[in-house]
**Q** 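Here you go, one structure.
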2 protein chains.
Amino acid sequence: MASEILVLEDFLPYRLNRLADAISRDFSKIYRDRYGLNRPEWRTLATLGQYGTMTATEIGAHSAMHKTKVSRAVVALAKRGWLKREADPSDRRVEHLTLTRNGISAYRALVPLASAYGEKLLAALAPEDQAKLSEGLRALEQALSGKCNRLVSRSARDTASAAATNGAKAQAK
Amino acid sequence: MASEILVLEDFLPYRLNRLADAISRDFSKIYRDRYGLNRPEWRTLATLGQYGTMTATEIGAHSAMHKTKVSRAVVALAKRGWLKREADPSDRRVEHLTLTRNGISAYRALVPLASAYGEKLLAALAPEDQAKLSEGLRALEQALSGKCNRLVSRSARDTASAAATNGAKAQAK
DNA sequence: GTTTGATAGTTACATTCCCAACCGTTACAA
DNA sequence: TTGTAACGGTTGGGAATGTAACTATCAAAC
């Protein structure tokens, strides 16, 4: 019998959405209350904090945000003085985005809160469930990276190691 | 060394959100192109299709939607003639929502598409990864159902079996 | 050179969303 | 009874979002 009823509790898009919504909404309090950031702004900050310097397109590809969201987030963060935009000398369409000192210090203040949140979340699961979740998600990420409009940009990934050197970490001194 | 950098690829809220966003956006084409439904409307339809009769509050609790979203989705679906609203005789604040014949036939048309989508998604994973993902998500759902404003409403769950009898399935005849 | 097409990023507009205030109803207690 | 607090559901205003168009630039072909 091809079921005529869709069991939402077993339906992957539904389950992922419910979880992501609930967690994201809960977690957003941290950066919203603290700094008045919205989600695209936080994501942009977090991406630049991790990778150092990126273009808007790379940020969008990496975090699966639409370019208009990134664009507005960049404007907002620049207005705060948290990131600086530098023109690419060889391609004037491109802007290289980097966190300023203020941006980095905000990032550094948020990282432990975010880490703690993530760990608290995982700590509520049995160790074997943590592993299952992580590996299951990784498999799904991998499956989607091929099919859909690939979720992880190649270029962003390539610059990761270099960025880690130039990014927030380096300025920790 | 307490890391000063947050590795987004390992950060649960980030991973869940990226996946959920991408999948949800992709899947939404199915009910959007076909019927011009938006996400709250589809969710309401799917919830009523599965459970038969519910109140707006129950739908919201079950699918983690804000009550204003549910309210507007109900108005929209009622306007299409896809659901009927019946006053509760003993409590005039409450409305019992049920899909009409048209609503059920739309639901029945969408269920196989949704099921196929979910299965296609899972089919891209190795069987053991499917199991890990499902169990990992279940563990997370369970963990959150206790802490947060529990994601699954008790009352909705209790009526599940009864609803399956009265709901879309029964009218399949 | 200039045309064509792709790309980086911004802007405009219409829709959707969240939050808070609100209405009507119910429960319950003084 | 009369407050008063809680609840189901709706509405309104401001913010966020997505789509599509747009500007500016680049690259490649002719």
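Quick caveat: nothing in here was measured; it's all calculated off a predicted structure. By convention in this document, chain letters (A, B, ...) are assigned in the order of the sequence lines, proteins followed by strands, and residues within each chain are numbered from 1.
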**Q** To the nearest 0.5 Å, what is the distance between NZ (A/Lys84) and OG1 (A/Thr98)?
**A** 5.0 Å
**Q** Report yes or no: do B/Thr100 and B/Asn102 form a side-chain donor-acceptor pair below 3.5 Å?
**A** no
**Q** If you assign A/His66 and A/Asp88 each to the DNA chain D nucleotide with the nearest heavy atom, which residue ends up on the more 5' nucleotide?
**A** A/His66
**Q** Answer yes if the ring centres of B/Phe11 and A/Phe27 are under 6.0 angstrom apart, and no otherwise.
**A** yes
**Q** State whether B/Arg15 and B/Glu9 are salt-bridged, where the test is any N-O pair (Lys NZ or Arg NE/NH1/NH2 against Asp/Glu carboxylate O) under 4.0 Å.
**A** no
**Q** Please state how far atom CD in A/Glu58 lies from atom C1' in C/dT7, giving the value in whole angstrom units.
**A** 13 Å
**Q** Can you tell me how far P of C/dT15 sits from CG of B/Asn38, to the nearest Å?
**A** 12 Å
**Q** On DNA chain C, check which nucleotide each of A/Arg32 and A/Val74 is closest to and give me the residue with the more 5' one.
**A** A/Val74
**Q** Can you find a heavy atom in the side chain of B/Arg43 that is under 4.5 Å from one in the side chain of A/Asn17?
**A** yes
**Q** Is there a donor and acceptor pair, one atom on the side chain of A/Arg93 and one on the base of C/dT7, closer than 3.5 Å?
**A** yes
**Q** Ignoring backbone atoms, establish whether B/Arg39 has a side-chain N or O less than 4.0 Å from OP1 or OP2 of C/dT15.
**A** no
**Q** Less than 4.5 Å apart, any side-chain heavy atom of B/Asn38 and any of B/Pro40?
**A** yes
**Q** In whole angstrom, give the distance that lies between atom NE2 of A/His96 and atom P of C/dA8.
**A** 12 Å
**Q** What is the distance, to the nearest angstrom, from the CE atom on A/Met65 to the P atom on C/dT10?
**A** 13 Å
**Q** Would you mind classifying the nucleic acid contact of A/Arg25 as base, sugar-phosphate or nothing, using non-hydrogen atoms under 4.0 angstrom?
**A** sugar-phosphate
**Q** On DNA chain D, which is the earliest and which the latest nucleotide, 5' to 3', with an atom closer than 4.0 Å to a heavy atom of chain A?
**A** D/dA16 to D/dC26
**Q** On DNA chain D, compare the nucleotides closest to A/Ser90 and B/Lys67; which residue's is nearer the 5' end?
**A** B/Lys67
**Q** Tell me whether the OP1 or OP2 atom of C/dG9 has a side-chain N or O from A/Arg72 closer than 4.0 Å.
**A** no
**Q** Atom NZ of A/Lys69 to atom P of C/dG9: distance rounded to whole Å?
**A** 17 Å
**Q** Would you tell me if any nitrogen or oxygen in the side chain of B/Thr68 comes within less than 4.0 Å of OP1 or OP2 on C/dC18?
**A** no
**Q** Would you say the ring centers of B/Trp82 and B/Tyr35 fall short of 6.0 Å from each other?
**A** yes
